[in-house]
Amino acid sequence: MSLDQFGRHIHYLRLSLTDACNLRCIYCMPEAMTFRPETGRMRPDEILRLARLFAASGFSKFRLTGGEPTLRDDLPDLARGILELPGVKEVALTTNGSRLTERAAPLFRAGLRRINVNLNTLNPEKYRAMTRGGDLQKVLDGIEAAQQAGFELKINVVAVRGYNDGRDAVELARLTLARSWYIRFIELMPIGRIAGFQQSHLVPEKELIDTIAAELGPLEEQRREKPGKARLYRLNGAAGMLGFISSLSRPFCRHCVRARLSSDGRLRVCLLQDGETDLLGPLRAGADDANLAALIAQGLQSKPREHALRASVIPQTRVMSEIGG
């Protein structure tokens, strides 16, 4: 079992398959973002080898992220390969949804059953502005394709002041009245060289809840079976659920069971602190499984009790797309 120094069972790996993306979201990366060359990213055999070592150390849940993971043509094969590893109970995907129309059915056949789709507004012009050129209809079509394929869906909404914190948030929340969707509103987190933008455009959880309640009525908090990062709410009579993930205004560090592996093979045990453990370098230098497993264990022991944002310590080395969402 992969216990950290505070007794948390770290068993959930967010595995970035690429730092590249077909969008340039304002809250994720600078407009002039450049991506690392393919040689700097993990190859399929390296991904599966490290995934096997994480599974052997007690990781049972994997989420495939990016960048945009559907840019990889080998995504179904990678998903299938990880699902076949001993001890793995679940593999899920986070995507911007723009390529799901053609990708949903092959991914379902590969064994994936859960997908999180980023959808920050239902307004095409605002979507284009927030993604710097994205096509909202492609995402809506992708969501429909994923539903038709049989996926369980979650919709992720990053709240950005001045962009989607008013009517847009209300209209997204309204979707849960008739649909059994789970829509999660996520607070901006200051990371890397766009931290200033993220800090100035933060929408605290309470403000967002008040905005939605003013239009749609009170939100009733829901009990959950075990602690998690999202606080759950339901509108009166709604078929679906609302969630709020608020790393700044309501941190959930003591319940955090996640680690991240970037597409260049670096283990990051706290999204909001810069410490990392290089795994890809030693792997390519010939390290055996025992040495790599020891590096993983060492990295997990460095997981902090909590992030330090309230002390104004902001991670500087990467932006979100370089870490993995």
Side-chain angles (χ1 to χ4, degrees), residues 13-44 47 62-76 78-79 91-104 106-107 112 115-121 124-143 145-146 153-160 163-164 184 186 188-195 197-198 201 260-266 268 271 276 280 315 317-325:
L13 186 69
R14 300 180 69 91
L15 172 54
S16 178
L17 301 180
T18 179
D19 64 312
C21 190
N22 54 344
L23 302 178
R24 297 290 190 281
C25 294
I26 57 173
Y27 54 83
C28 187
M29 66 181 78
E31 184 171 8
M33 186 72 185
T34 58
F35 306 120
R36 64 177 55 88
E38 188 172 346
T39 55
R41 303 181 192 134
M42 293 184 289
R43 302 188 304 265
I47 291 170
F62 289 72
R63 178 167 293 278
L64 307 180
T65 71
E68 176 46 45
T70 62
L71 293 178
R72 287 192 68 133
D73 292 335
D74 57 0
L75 177 58
L78 289 170
V91 178
L93 175 73
T94 292
T95 172
N96 62 36
S98 63
R99 292 167 59 89
L100 278 180
T101 301
E102 61 268 23
R103 290 290 189 157
L107 289 170
L112 286 182
I115 292 181
N116 290 9
V117 180
N118 299 324
L119 178 64
N120 299 314
T121 176
E125 292 183 2
K126 287 188 177 181
Y127 184 84
R128 191 175 302 112
M130 292 185 74
T131 59
R132 298 188 176 108
D135 184 344
L136 174 63
Q137 192 58 51
K138 287 184 178 180
V139 181
L140 298 177
D141 291 344
I143 290 173
L153 287 178
K154 292 180 181 178
I155 306 299
N156 289 343
V157 182
V158 179
V160 183
Y163 287 86
N164 66 341
R184 309 189 307 173
I186 303 171
L188 278 175
M189 295 168 283
I191 298 177
R193 51 197 181 278
I194 59 171
F197 173 89
Q198 293 158 330
H201 289 75
R260 285 171 167 79
L261 185 63
S262 64
S263 62
D264 60 344
R266 291 180 176 270
R268 189 180 181 109
L271 172 63
E276 297 179 342
L280 184 59
T317 57
R318 299 182 189 244
V319 294
M320 183 67 81
S321 63
E322 296 172 303
I323 299 170

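Hydrogens, waters and symmetry mates are skipped; everything else that's a heavy atom, side chains included, is used.
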Are any non-hydrogen side-chain atoms of [X] and [Y] less than 4.5 angstrom apart?
{"X": "Ile143", "Y": "Ile155", "answer": "yes"}
{"X": "Met189", "Y": "Pro315", "answer": "no"}
{"X": "Asn118", "Y": "Val158", "answer": "no"}
{"X": "Thr121", "Y": "Tyr163", "answer": "no"}
{"X": "Arg63", "Y": "Asn116", "answer": "yes"}
{"X": "Leu71", "Y": "Arg99", "answer": "yes"}
{"X": "Thr94", "Y": "Pro69", "answer": "no"}
{"X": "Thr65", "Y": "Ser16", "answer": "yes"}

Report the distance from atom [atom1] of [X] to atom [atom2] of [Y], rounding to the nearest 0.5 Å.
{"X": "Met130", "Y": "Leu119", "atom1": "CE", "atom2": "CG", "value": "10.0 Å"}
{"X": "Leu64", "Y": "Thr95", "atom1": "CG", "atom2": "OG1", "value": "11.0 Å"}
{"X": "Leu75", "Y": "Leu112", "atom1": "CG", "atom2": "CG", "value": "7.0 Å"}
{"X": "Phe197", "Y": "Cys28", "atom1": "CZ", "atom2": "SG", "value": "11.5 Å"}
{"X": "Thr70", "Y": "Leu100", "atom1": "OG1", "atom2": "CG", "value": "6.5 Å"}
{"X": "Glu322", "Y": "Cys21", "atom1": "CD", "atom2": "SG", "value": "12.5 Å"}

Task: Criterion side-chain contact (heavy atoms from CB on, under 4.5 Å) on Met42 and Leu261, from CA distance to verdict - done: CA-CA 10 Å; Met42 293 184 289; Leu261 185 63; 3.9 Å; yes
What residues form a side chain to side chain donor-acceptor pair (under 3.5 Å) with [X], not counting sequence neighbours?
{"X": "Asn96", "result": "Asn22, Glu68, Ser98"}
{"X": "Asn156", "result": "Arg184"}
{"X": "Tyr27", "result": "Asn120"}
{"X": "Arg14", "result": "Tyr12"}

Report, one line per pair, each donor and acceptor closer than 3.5 Å where one atom sits in a side chain of residues 30-39; sequence neighbours left out.
unit_1 : atom_1 : unit_2 : atom_2 : d
Arg36  : NH1    : Ser263 : OG     : 3.0
Arg36  : NH2    : Asp264 : OD2    : 3.4

- [ ] Begin with the C-alpha distance, continue with both residues' side-chain angles, and end with the deciding distance and a verdict on side-chain contact (heavy atoms from CB on, under 4.5 Å) for Met320 and Leu271.
- [x] CA-CA 9 Å; Met320 183 67 81; Leu271 172 63; 3.9 Å; yes
Task: side-chain contact (heavy atoms from CB on, under 4.5 Å) between Val319 and Arg193, intermediate numbers included - done: CA-CA 7 Å; Val319 294; Arg193 51 197 181 278; 3.9 Å; yes
TODO: Hey, could you give me each pair passing salt bridge (charged side-chain N to carboxylate O under 4.0 Å, His left out) that has a residue in residues 125-135? Not counting sequence neighbours.
DONE: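 For residues 125-135: Lys126-Asp168.
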Open item on the list: Checking Arg43 now: which residues fulfil side chain to side chain contact (heavy atoms under 4.5 Å, CB included) with it, not counting sequence neighbours?
Closed with: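 So Arg43 forms a side chain to side chain contact (heavy atoms under 4.5 Å, CB included) with Asp45, Glu46, Arg284.
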Open item on the list: Could you work out, with salt bridge (Lys or Arg N to Asp or Glu O under 4.0 Å) as the rule, every residue matching Glu276, not counting sequence neighbours?
Closed with: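 Salt bridge (Lys or Arg N to Asp or Glu O under 4.0 Å) check on Glu276 returns Arg268, Arg318.
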Open item on the list: Run the salt bridge (Lys or Arg N to Asp or Glu O under 4.0 Å) test against Arg103 and tell me which residues pass, sequence neighbours left out.
Closed with: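 Applying salt bridge (Lys or Arg N to Asp or Glu O under 4.0 Å) to Arg103 gives Asp73.
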Open item on the list: For Asn164 versus Val160, what's the shortest heavy-atom pair and its separation?
Closed with: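 Smallest heavy-atom distance, with atoms named: OD1-N, 2.7 Å.
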TODO: Of all the heavy-atom pairs spanning Ile194 and Ile26, show the shortest one and how long it is.
DONE: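 Reported closest heavy-atom pair: CD1-O, 4.0 Å.
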